[in-house]
Amino acid sequence: MGSKAKTVITFHSGILTIGGTVIEVSYGDAHIFFDFGTEYRPELGLKDDQLSTLLANRLVPELPGVYDPRLGYTYEGTAKQDYQETAVFLSHAHLDHSKMINYLDPNVPLYTLTETAAILRSLNRNGDFLIPSPFEAPHFTREMTGLSAGETVTIGEISVTILPVDHDAYGAAALLIHTPDKFLVYTGDLRLHGYDRQLTLDFCKAAAGCDLLMMEGVSISFDDREEDPDTMELLSEEDLIQQLVKLVAENPKRQLTFNGYPANVKRFAEIIKRAPRTVVLEANQAALLQEVLGLTVAYYYLPGAAKITSLAPELELSLVDLQQDDHQYLWQIVTDFETLQPGSLYFHLDAQPLGDFDPDYAPFLELLAKLEVTFVRLACSGHAFPEDLAEIIHLIHPKTLVPIHTLKPEKLVNPYGERILPTRGESIS
């Protein structure tokens, strides 16, 4: 008599770190992976994103039968089983969850919500967002199957249902994973303080009573970090918008610029709707909002930028006019900050560079100070606050909790059952 198949979960990466989550679930002759990004370690100063470099620096894990065979990769892990069916799922568009999708074997299907697929294609329009494939055109983005909310995909005897959640990347999703013997849940990244709070609550209801909950815990990583005096930490997306609108109104005769994380398209949409000035976006961001939300907005091109045919020509403004303006526009600046007017005001809304852990952050602040540009950082986390993490666990009542995507997994507790703190590469069944 043959041995009975069982569910096995392998935590390839995303343990004791923030980002780079790659988890494998296998049952019988099928296995799935989620996500497919890299760890963020700018202090390493790596000169390239070749797969061999990423592997050598442990920014991505050894994976069997998943990487593009044209890369010449040889699996050096310990897994022995050959699988008949393989698939990869993406929870959202942040690079620590999606950056290496162009290194995925072209024969392996990649699933995500339709909105995330659109965001990734748009952000990689110029080939400078994702790691490029050395075998494709510079602007290539690999094929993705966009799913609707609540849609289910079956890989062998593993079924995966994708549900949207609230996050600062629009189109973020969680996964409900059913095998013949277990009900597993992966939260992706989520929160309760954005405009889509109800999506997270609906997900919790669908996930209730699961056998195992793999849950992000970013916010519990930094409770002992010193507060940044340059940052106004806000408790909700609505608080951020209200504060921005207030500051714009209080500065009627001053050049005003801003930047934010591009995938947070709902924040951009609210700024456009409610700012006391005409909002003007860089052309790529304007195209992203149009493609994902159907929203048209005034825009400008950077010098030498290729025209985007989907944008309405009558909405284009001159960059020179924006640089000379001091009263009419609130416009997105993404580069060439040295052209800002002395005495102007710049709003940093969770944009790059992200913070003091980014080597580019201190030089950026020094440049603005030298230019006599006032820097205002309005920040609103894309991750659930510690008390909301506890609330989500309460709503789901998992039999087993596995904290991931955090520096301090031991701080996330499960009052309703077991907790497992796996090590990188560990498998549980």
Q: Write down the atom of V297, the atom of V279, and the distance for their closest heavy-atom approach.
A: CG2-O, 3.6 Å
Q: Measure across M144 and L120 and return the closest heavy-atom pair with its distance rounded to 0.1 Å.
A: SD-CD1, 3.8 Å
List in chain and number order the residues that pass ring-ring contact (aromatic ring centres under 6.0 Å, His included) with [X], two or more places apart in sequence or in another chain; answer none if no residue qualifies.
{"X": "H383", "answer": "H167, H405"}
{"X": "F385", "answer": "H193"}
{"X": "H139", "answer": "none"}

Rounded distance [0.5 Å steps], [atom1] in [X] versus [atom2] in [Y]:
{"X": "C204", "Y": "L199", "atom1": "SG", "atom2": "CG", "answer": "11.0 Å"}
{"X": "L340", "Y": "Q323", "atom1": "CG", "atom2": "CD", "answer": "8.0 Å"}
{"X": "D168", "Y": "D196", "atom1": "CG", "atom2": "CG", "answer": "11.5 Å"}
{"X": "L51", "Y": "D68", "atom1": "CG", "atom2": "CG", "answer": "9.5 Å"}
{"X": "L407", "Y": "I15", "atom1": "CG", "atom2": "CD1", "answer": "11.5 Å"}
{"X": "N251", "Y": "L345", "atom1": "CG", "atom2": "CG", "answer": "5.5 Å"}

Q) Between Y299 and Q332, does any side-chain donor sit less than 3.5 Å from a side-chain acceptor? A) no
Q.
Is a donor from one side chain sitting under 3.5 angstrom from an acceptor on the other, for H394 and Y416?
A.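 There is such a pair between these side chains.
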Q.
Consider side chain to side chain contact (heavy atoms under 4.5 Å, CB included). Of L175, L147, I158, which one does V153 pass it with?
A.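 Going through the options one by one, the only one that passes is L147.
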Q) side chain to side chain contact (heavy atoms under 4.5 Å, CB included) with M215: which of V185, T187, V402? A)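 It is T187, the one option of V185, T187, V402 that forms the side chain to side chain contact (heavy atoms under 4.5 Å, CB included) with M215.
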Q.
Test: salt bridge (charged side-chain N to carboxylate O under 4.0 Å, His left out). Region: residues 284-299. Which pairs qualify, not counting sequence neighbours?
A.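 Pairs touching residues 284-299 that pass the test: R125-E291.
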Q: Can you tell me which residue pairs pass the salt bridge (charged side-chain N to carboxylate O under 4.0 Å, His left out) test with a partner in residues 141-150, sequence neighbours excluded?
A: none
Q.
Below 30° counts as parallel, above 60° as perpendicular, anything between as tilted: where do the rings of Y73 and Y67 land?
A.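 If you compare the ring of Y73 with that of Y67, the planes turn out perpendicular.
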Under the side chain to side chain donor-acceptor pair (under 3.5 Å) test, residues paired with [X] that sit two or more places apart:
{"X": "D239", "answer": "S236"}
{"X": "K253", "answer": "D326"}
{"X": "D325", "answer": "none"}

Only pairs under 3.5 Å count here: list side-chain donor-acceptor contacts from residues 346-353, not counting sequence neighbours, and write none if there are none.
residue: Y346; atom: OH; partner: H348; partner atom: ND1; Å: 2.7
residue: H348; atom: NE2; partner: A351; partner atom: O; Å: 3.1
residue: H348; atom: NE2; partner: P353; partner atom: O; Å: 2.9
residue: D350; atom: OD2; partner: R267; partner atom: NH1; Å: 2.9
residue: D350; atom: OD2; partner: R267; partner atom: NH2; Å: 3.1
residue: D350; atom: OD2; partner: C380; partner atom: N; Å: 3.2

Can you list, pair by pair, the side-chain donor-acceptor contacts under 3.5 Å of residues 30-38, counting residues two or more places apart and other chains?
residue: H31; atom: ND1; partner: E24; partner atom: OE2; Å: 2.6
residue: H31; atom: NE2; partner: T86; partner atom: OG1; Å: 2.8
residue: D35; atom: OD1; partner: S91; partner atom: N; Å: 2.5
residue: D35; atom: OD1; partner: S91; partner atom: OG; Å: 3.3
residue: D35; atom: OD2; partner: S91; partner atom: OG; Å: 2.8
residue: D35; atom: OD2; partner: H97; partner atom: ND1; Å: 2.6
residue: D35; atom: OD2; partner: Y186; partner atom: OH; Å: 2.6

Pair [X] + [Y], salt bridge at N-O below 4.0 Å:
{"X": "E39", "Y": "R424", "value": "yes"}
{"X": "R70", "Y": "E136", "value": "yes"}
{"X": "E43", "Y": "R41", "value": "yes"}

Q. Under the ring-ring contact (aromatic ring centres under 6.0 Å, His included) rule, what pairs show up with a residue in residues 100-138, not counting sequence neighbours?
A.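 Qualifying pairs, neighbours excluded: F89-Y111.
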**Q.** Listed once per pair and sorted, the ring-ring contact (aromatic ring centres under 6.0 Å, His included) pairs that draw on residues 307-332, sequence neighbours left out
**A.** Y300-W331
Q | Evaluation steps, salt bridge (charged side-chain N to carboxylate O under 4.0 Å, His left out), between R274 and E238 | A | CA-CA 11 Å; R274 296 164 61 177; E238 178 61 21; 2.7 Å; yes
